[in-house]
Amino acid sequence: MNGLSAFRETFAGDVVLPGDPGYDGARAVWNKVFDRRPAVVVRPVDADDVADALRFAREQELLVAVRCGGHSIPGLSTCDDGIVIDLSAMRGATADPVRRTAQVNGGALLAELDEAAQAHGLVCPVGVVSHTGVAGLTLGGGMGRLQRKHGLTIDNLVSVELVTADGRRVRASEDEEPELFWGMRGAGPNFGIVTAFEYRLHPLDHAITFGTVAHPLARARELAGLFRELAEKGPNELFLSFGTARERTGHDAYAFLTVLHSGQPEQALRELADVRAFGPPVRDSIRAMPHLAAQHLNDETQDWGHRFYMKSAFMPAFPDEAVDLCAEHASRAPVGADCEFSVWAWGRAIAEVPEDATAFTGREAAVWLAAEALWDDEALDEQCRSWGRDALADLAPFASSGRYVNDVAEVGANVARTVYGDAKYERLLALKREWDPDNVFRLNQNVQP
Ligand SMILES: Cc1cc2nc3c(=O)[nH]c(=O)nc-3n(C[C@H](O)[C@H](O)[C@H](O)COP(=O)(O)OP(=O)(O)OC[C@H]3O[C@@H](n4cnc5c(N)ncnc54)[C@H](O)[C@@H]3O)c2cc1C
């Protein structure tokens, strides 16, 4: 590669090339379906290094992939023959207990933000697997178990610092480049490489109550009824997710209800009484625990190195007919794969933010529903993808418009328009033409200038 030795002279971070001992580790991403071979992986150590890597990539006309946690479902943080700008040497998060804010570097993982905030009895609403990247999660929206109380992750974003396609360092917030800040909150990877985030934090200094009750599939409708009732009447502190699942062993599918109550444990005990009274569960893991413990509980089952597919939708309601479809499709999940439907109660703090306040689309939904499959045998790839696609095709009559960009496993020319809808897409297009007219940042759900 021409210019590589000159680049190495100014670039402070690691440069990993095919044939180097660390190359296979450096090119791996979370979803094992994607086995790409980039021409080079670079690990900048600061924003100047990011700008240097970007300048080099543009001089060499290399396809640019940007990576934080590497958890992109469609494998968008890697590529064949291009450059991966991997921010894993730019981790780290700190919290300011007086201002109740957190400063987070562009390569940080959720665990770092969680730990920095909880050290002061504070919290930022983020996702549910702690090894997910802060950047990818935030720039698409950020759903999590505190969302009904504190909104999406982007609803708590104060500012971002980014390196733009032309190498400029830009800060965006409600006051600085507000239109860019609008686009960063939902379509962020299109506009630059974020090197720093600032978030608002909220007090959470007591144990939360978290866990799942599982019941036979035959009770799915009744359990979904309880889910709907609690979602309607329960407090904002109550996160709820209904689901149906079948594990890879192929044993009977079951229905489940997962709750996280972020109020005081005594209040949670009272307000979760109906969950306990529902009848003898097949399994019950609901108990009080530190918030950080809950944030790590899914880390192992969702560890690196598995194959994964998901398809999701927003819905204005979750009627019994949709429950039946979740039960039926869970029962026919491919043996050898862990498959589940997950239906999250939406609304409250999410819906308090006007739909057009951010690029994120889907605030008005009553629920978010996803079919997810995790497996290891490559031979099951097509079966698992078809399972998810077929299920969502059957559920399509119940869906509303808009999709959560971070869940979209497909990539292609028109995908971003289906995510954001026509009006927001046009607004994003104007931003893209201003900030990245050459489409340097195209490995994302792309707004094509
Ligand atoms: C196990 C698992 C659990 C998940 N749980 C949740 C959840 O609870 N809630 C939720 O909302 N989502 C969840 N997701 C979806 C997740 O939000 C997305 O996969 C997200 O893109 C992952 O971010 P990342 O930084 O790890 O990914 P990466 O693969 O590193 O990046 C994803 C996208 O962001 C871009 N990008 C990465 N870093 C930067 C940066 N610094 N600046 C600009 N662009 C950048 C990449 O180019 C790519 O397009 C989960 C995904 C997985 C695999």
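Position 1 is the first residue of the sequence, and the numbers go up from there. Bear in mind that the values here come from a model prediction, so they are computed numbers and not experimental data. No hydrogens, no waters, no symmetry mates; every other heavy atom, side chains included, goes into these values. Order of listing sets the numbers, starting from 1, for every ligand and every atom in it.
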Q) Salt bridge or not for R171 and E176, using N-O below 4.0 Å? A) yes
Q) Considering only heavy atoms, which protein residues lie less than 4.0 Å from any atom of ligand 1? A) W30, V66, R67, C68, G69, G70, H71, S72, I73, L76, S77, L87, G106, G127, V128, V129, T132, G133, A135, G136, L137, L139, G142, M143, P189, G192, I193, V194, Q302, Y404, N406, L443, N444
Q: Find out whether E340 and E247 are in side-chain contact, i.e. whether some heavy atom of one side chain is under 4.5 Å from a heavy atom of the other.
A: no
Q: Indicate whether any N or O donor in one side chain lies under 3.5 Å from an N or O acceptor in the other, for T258 and T212.
A: yes
Q | E237 with R145: basic N within carboxylate O range, under 4.0 Å | A | no
Q) N444 side chain to P189 main-chain N or O, any donor-acceptor pair under 3.5 Å? A) yes
Q. Does the pair R185/E174 count as a salt bridge with the N-to-O cut at 4.0 Å?
A. yes
